[in-house]
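Below is one structure, written out as structure tokens, with a few remarks after it.
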Amino acid sequence: MKTLLVFTLLLAGVGSSLSVAASDSDDTIVTVKDSALSAKVKTKLLAKHLSTLADVKVESHHDGDVWLSGTAPSRAARDMAEEIAKGTDGVRTVHNNIVVD
């Protein structure tokens with residue numbers, strides 16, 4: 001019998017949430033960790049109150065590998081997003097695919 005657990009992570013100060021469903025399989029536990037890490041990085045990006053980073057997409061896979069994508073208006077904004085992601089607890093590697101617009 002599979003157990004299903006659903007929880008919501010409220011992203012600090014932005015009024016949005018991330019809902020994740022988990023069961024008792026190991027694959028789902030990893031997915032929950034990846035989703036939580038993505039939310040943590042995105043929250044830190046939004047906490048900087050830089051509208052230039054609002055369109056950055058964050059995905060994480062493989063226990064600490066983070067992919068950034070989307071657009072930024074400058075190389076400095078692109079680099080800042082990468083540094084914020086690298087400084088996030090639990091992030092092992094950052095793949096920065098943000099395009100300078």
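All residue numbers in this chain count up from 1 along the given sequence. For the numbers below, each heavy atom of this structure counts, side chains included, while hydrogens, waters and symmetry mates do not.
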Separation of K86 NZ from R92 CZ (nearest 0.5 Å) =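 Atom-to-atom, R92:CZ and K86:NZ are 14.5 Å apart.
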
Side-chain donor/acceptor of S60 to backbone N/O of D65, under 3.5 Å |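 No: the side chain of S60 does not pair with the backbone of D65.
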
Kindly say whether R78 contributes a backbone atom to a donor-acceptor pair with the side chain of N96 at under 3.5 angstrom?
->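 Answer holds: yes.
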
Same cluster or not: are I84 and W67 linked, directly or through other Ile, Leu, Val, Met, Phe, Trp or Tyr residues, by side-chain heavy atoms under 4.5 angstrom apart?
->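 Shared cluster, no.
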
Under a single-linkage definition using a 4.5 Å side-chain heavy-atom cutoff for Ile, Leu, Val, Met, Phe, Trp and Tyr, are I98 and V91 assigned to the same hydrophobic cluster?
-> yes

Do you know the tightest heavy-atom contact between [X] and [Y]?
| X | Y | result |
| --- | --- | --- |
| K40 | D89 | NZ-O, 3.1 Å |
| A77 | S74 | N-OG, 3.1 Å |
| L37 | G64 | CD2-CA, 3.7 Å |
| K44 | G87 | NZ-O, 3.0 Å |

Can you check whether V94 reaches L68 side chain to side chain, under 4.5 Å on heavy atoms?
->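 Side-chain contact under 4.5 Å: yes.
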
Looking at side-chain heavy atoms only, is the closest gap between D101 and P73 below 4.5 Å?
-> no

Give a yes or no on this: more than 12 heavy atoms of other residues, nucleotides or ligands lie within 6.0 Å of atom CD of E59.
-> no

How far apart are the C-alpha atoms of L45 and V58, what are their side-chain angles, what is the distance that settles it, and do they pass the side chain to side chain contact (heavy atoms under 4.5 Å, CB included) test?
-> CA-CA 10 Å; L45 290 173; V58 180; 3.8 Å; yes

Candidate pair L46 and K42, rule side chain to side chain contact (heavy atoms under 4.5 Å, CB included), full reasoning | CA-CA 6 Å; L46 293 173; K42 186 66 175 182; 4.2 Å; yes

